[in-house]
Amino acid sequence: MALAWPETPKDAVIVQNELRHRVRVENDFGTIKIIAGVDVSYNLKTNLTRAFIVLLDFATLQMQASVRAVLPTAFPYIPGFLSFREIPAILEAMKLLPISPDLLMVDGQGIAHPRGLGIAAHLGVLTGLPAIGVAKSRLVGWNKEPGTQKGDHTPLLHKGARIGTVLRSKEKVKPLFISPGHRVDQDTALEITRQCLTKYRLPEPTRLADKLSKEKVAEKPIQASLF
DNA sequence: GCGACAG
DNA sequence: ATCTTGTCGC
């Protein structure tokens, strides 16, 4: 990448302020045939970060492929700087994909971020791919509580502008925070997310990636025990 | 100074 | 995110 990967929040802010100007929030993509779900998990014991990317057929929401990359965790978790902790592993996983997806659905914020560059926007700019952020909780902004029925939603506002949508993805569950990541507008980000909802709180792309990331798998060969 | 704070 | 088993509610 052109810019060196920052090692401190201070340097990360410089990178964010530079990249935020490259984010496009207008629709700029063709037919979505393959949509990708991105999620990351950690192993605190081994200090490893594991990124998972699943490819689904957008029309049927069926998983077509999945890849995983494991890297040492090199950046702490600091609200507002999540992307610097997770993107390195995600980019490694991306290299393993059999085909390039038409859009990325990322577990986290898109432009609904203090400096407009949540992980979905950051990843979108770095890959050049259309991206949407689907977060399970709020980072910034305020909103009226959406209705209780699936599909009900309210705008997420921040500093006088709409930065995302708070969506009730399923009855009786906490709402999701949807925001454009790159090359997708507000209404389309919401619509694509809604089209990925089935019977669960999370849309299929992120739900399946999250499911895989939580699977307990040995990162190292299992040592033989005595006796 | 106090409270908030994606995963 | 992760640590953790059963359990209350729909």
Side-chain angles (χ1 to χ4, degrees), chain A residues 6 9-10 12-13 15-16 19-20 23 36-54 68-93 104-126 131-143 148-150 156-159 163-182 189 193 199-203 205-219:
Chain A
K10 184 178 180 180
V13 168
V15 174
Q16 293 179 322
L19 298 183
R20 63 184 303 180
V23 177
V38 182
D39 189 41
V40 174
S41 63
Y42 306 89
N43 183 315
L44 303 180
K45 290 295 182 181
T46 58
N47 190 49
L48 294 175
T49 294
R50 308 178 298 186
F52 285 79
I53 301 178
V54 297
R68 179 190 72 167
V70 182
L71 258 59
T73 304
F75 202 95
Y77 169 66
I78 303 173
F81 301 92
L82 176 68
S83 63
F84 297 96
R85 179 177 171 80
E86 308 194 333
I87 283 184
I90 294 174
L91 292 180
E92 280 306 306
L104 303 172
M105 184 171 277
V106 188
D107 190 348
Q109 314 291 345
I111 62 171
H113 176 279
R115 289 166 293 285
L117 197 80
I119 187 169
H122 194 164
L123 187 60
V125 168
L126 293 185
I132 295 174
V134 176
K136 298 182 291 299
S137 62
R138 181 190 72 87
L139 175 58
V140 294
W142 65 276
N143 65 280
T148 60
Q149 299 308 298
K150 176 180 181 180
L156 177 61
L157 309 170
H158 188 52
K159 295 181 177 178
I163 58 174
T165 304
V166 183
L167 170 70
R168 189 80 65 189
S169 55
K170 176 185 190 299
E171 276 187 23
K172 302 166 185 175
V173 299
K174 291 170 52 183
L176 257 29
F177 293 74
I178 314 302
S179 61
H182 189 48
T193 299
K199 58 183 293 191
Y200 306 97
R201 180 193 180 211
L202 296 178
T206 47
R207 186 182 75 81
L208 294 172
D210 182 75
K211 186 180 183 183
L212 287 180
S213 75
K214 286 180 177 174
E215 249 164 49
K216 301 295 182 182
V217 294
E219 239 81 65

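So that the names make sense, note that chain A is the first sequence line, chain B the second, and so on, each numbered from 1.
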Exercise. So what's the dot-bracket for DNA chain B: Watson-Crick or G-U pairs under 3.5 Å, [ ] if a pair crosses, | if it pairs off-strand?
Worked result: .......

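Stacking between A:Phe177 and the base of B:dA6 is absent under the criterion of ring centres within 5.5 Å and planes under 30 degrees.
Here B:dG7 presents its P atom at 7 Å from OH of A:Tyr77, a figure rounded to the nearest Å. Regarding A:Arg85, its CZ atom lies at a distance of 19 Å from the P atom of B:dC5, rounded to whole Å. Rounded to whole Å, the distance from CD on A:Glu86 to P on B:dG7 is 9 Å. Rounded to whole Å, atom C1' of B:dG7 lies 8 Å from atom CG of A:Asp39. One can place CD1 of A:Ile78 at 18 Å from P of C:dA1, the figure rounded to the nearest angstrom. In this structure, the CG atom of A:Asp210 is 6 Å from the P atom of C:dA1, given to the nearest Å. Counting to the nearest Å, the C1' atom of B:dA4 and the CD atom of A:Gln109 are 13 Å from each other. Summarising the geometry, the separation between CG on A:Leu139 and P on B:dA6 is reported as 6 Å, rounded to the nearest angstrom.
Contact check, A:Arg138 against B:dA4: no side-chain N or O comes under 4.0 Å of OP1 or OP2.
Side-chain contact of A:Tyr42 with A:Glu86: a donor-acceptor pair under 3.5 Å is present, judged by distance alone.
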Exercise. Where along nucleotides 2-10 of chain C does protein come under 4.0 Å, by heavy atom, of base (B) or sugar-phosphate alone (S), with - for untouched nucleotides?
Worked result: SS------S

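Considering only heavy atoms from C-beta on, A:Arg168 stays 4.5 Å or farther from A:Lys150 through its side chain. Using a 4.5 Å heavy-atom threshold, the side chains of A:Asp39 and A:Thr206 count as separate. At a threshold of 4.5 Å between non-hydrogen side-chain atoms, the residues A:Thr165 and A:Leu156 do not count as touching.
Of all the heavy atoms in A:Phe75 and A:Pro9, the pair that sits closest is CZ-N, 4.3 Å.
Taking the six-membered ring where the residue is Trp, A:His122 and A:Phe84 present perpendicular rings, their angle passing 60° and hence far from 30°.
In terms of modelled atom types and a separation under 3.5 Å, the side chain of A:Arg207 and the main chain of A:Arg201 share no donor-acceptor contact.
Side-chain proximity of A:Lys136 to C:dA1, B:dA6, B:dA4: nearest is C:dA1.
Separation of atoms NZ (A:Lys172) and OG1 (A:Thr148) is listed at 8.5 Å; rounding is to 0.5 Å.
Within the nucleic acid shown, A:Phe81 comes within 4.0 Å of at least one base atom, counting heavy atoms only. Nucleic acid contact class of A:Gly133 (heavy atoms, under 4.0 Å, all strands): none.
Counting non-hydrogen atoms of other residues, nucleotides and ligands closer than 6.0 Å to NZ of A:Lys211 gives a total of 12 or fewer.
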